[in-house]
Amino acid sequence: MAPIIRDRQFTDSSALTDFVINRGNGVKGLSEMGLKALPKPYIQPLEERLCMTKFVPQQSIPIIDMSYWKNPRVASAVCDAAEKWGFFQIVNHDVPIEVLNNVKDATYRFFDLPADQKNKYSKENSASKNVRFGTSFSPEAEKSLEWKDYLSLFFVSEEEASMLWPPVCREQVLDYIRRTEVVIKKLLQMLMEGINVKEIDEAKRSLLMGSIRTNLNYYPICPDPELTVGVGRHSDVSTLTILLQDEIGGLYVRGNQGDGDNWIHVPPIKGSLVINVGDALQILSNNRYKSVEHRVIANGTKNRISVPIFVNPKPTDIIGPLVEVLKNGEKPIYKQVLYSDYVKHFFRKAHDGKKTVEFAEI
């Protein structure tokens, strides 16, 4: 049970760590105390806070209607968005709205569990490394913490999920994964044809979507949202990320125009899914498709959730520019790297923009 600390701050960082991490309260527990000020470990340096003068209100990432997905213009729009923006939203994608609503409800149900029940899935207590409840991004590597709790679920099989995933959200997440698989395959088919890959055989299927991880993200009300971040600047290490956001908003994408330090809000559209290119696809396409920095701001008045599906190579896959991309004499920008090494490099440091991809550069 959370102690009542309404009128004083945590002055001891070890007490904060114990409360938030060791006892499983997360930042949700801090938020529910009604703290008047942000604990010091969450205060981000000035350069990592999103200055609203860098927000570009008139710009928007592309919104693509998938109703007639066999129309060549849809494939052209998808490839164009992946090249120029790295982000786009899709509507009329055939994932039923009730599936999306169910997984959002399940996310709230998980985070509404008592701390001791959520803590069963922490790094120290979880029965499997494939199920992980945590907070921030990588607390042991971060100088400043992020205002977010999460449950990460690495999909191995429905049998393993039925045994190990939390019962309050298991079926809803599995249904969400099942129903989005068709959309993922359609998008990857379009993107591959755009770089002269005519057939996705078993080896390429593994490279593109050999493993799946789903996160349930919870961003609770923050006492000083302008001083911290929900998620810091980063690009994903996935092939593609399929993001379901709620109606609150707060996701920002680095713009592709001007001085490079402008940020575009991704407005919630009911029933839509946000798609973004990950580093793995940037590497496989030899920079044709771009993974782009994004971040999430904290909110001072509303709790926010999001549910991304990270579509990845298998950990044992070697990733590098595809043969088809280099067929006409194009020089490779990236070397061949073991995907699990790339992912380990990402998680052993704090979020740092686009620096992870340097690990794979020649």
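Quick note: residue numbers are just sequence positions, from 1.
Looking only at atom types and distance, the side chain of Asn312 has no donor-acceptor partner in the side chain of Ser238 under 3.5 Å away. Tyr176 and Asn102 share no donor-acceptor pair across their side chains, judged by distance under 3.5 Å alone.
In this structure, Asp317 contributes its side chain and Lys314 its backbone to a donor-acceptor pair below 3.5 Å. At least one donor-acceptor pair under 3.5 Å links the side chain of Tyr289 to the backbone N or O of Leu191. A donor-acceptor pair under 3.5 Å links the side-chain atoms of Ser285 to the main chain of Leu281, judged by distance alone.
No more than 12 heavy atoms of other residues, nucleotides or ligands shown are found within 6.0 angstrom of CG on Asp94.
Salt-bridge annotation for Arg295 and Glu146: absent, with no side-chain N of the basic residue lying under 4.0 Å from a carboxylate O of the acidic one. Between Arg288 and Glu330, no side-chain nitrogen of the basic residue sits less than 4.0 Å from a carboxylate oxygen of the acidic one, so the salt-bridge criterion is not met. Look at Asp112 and Arg109 and you find no salt bridge, because none of the NZ, NE, NH1 or NH2 atoms lies under 4.0 Å from a carboxylate O.
For Asp341, there are no salt bridge (charged side-chain N to carboxylate O under 4.0 Å, His left out) partners, not counting sequence neighbours. When the side chain to side chain contact (heavy atoms under 4.5 Å, CB included) test is applied to Gln89, the partners found at least two apart in sequence or on another chain are Ile61, Ile63, Val266, Pro267, Ile269, Ser272, Val274.
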Is there a salt bridge (Lys or Arg N to Asp or Glu O under 4.0 Å) between Arg205 and Glu202? Walk through the geometry before answering.
CA-CA 5 Å; Arg205 195 201 72 80; Glu202 191 54 39; 3.3 Å; yes
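Evaluated for a ring pair (Phe, Tyr, Trp, His ring centres under 6.0 Å) with His294, the options Phe87, Trp263, Trp85 yield exactly one hit, Phe87.
Looking only at side-chain heavy atoms (C-beta outward), Leu251 and Arg304 come within less than 4.5 Å of each other. Residues Tyr42 and Val20 have side chains in contact (heavy-atom distance under 4.5 Å, counting atoms from C-beta outward). Contact of the Asn303 side chain with the Phe111 side chain is not registered, since no non-hydrogen atoms from C-beta on lie closer than 4.5 Å.
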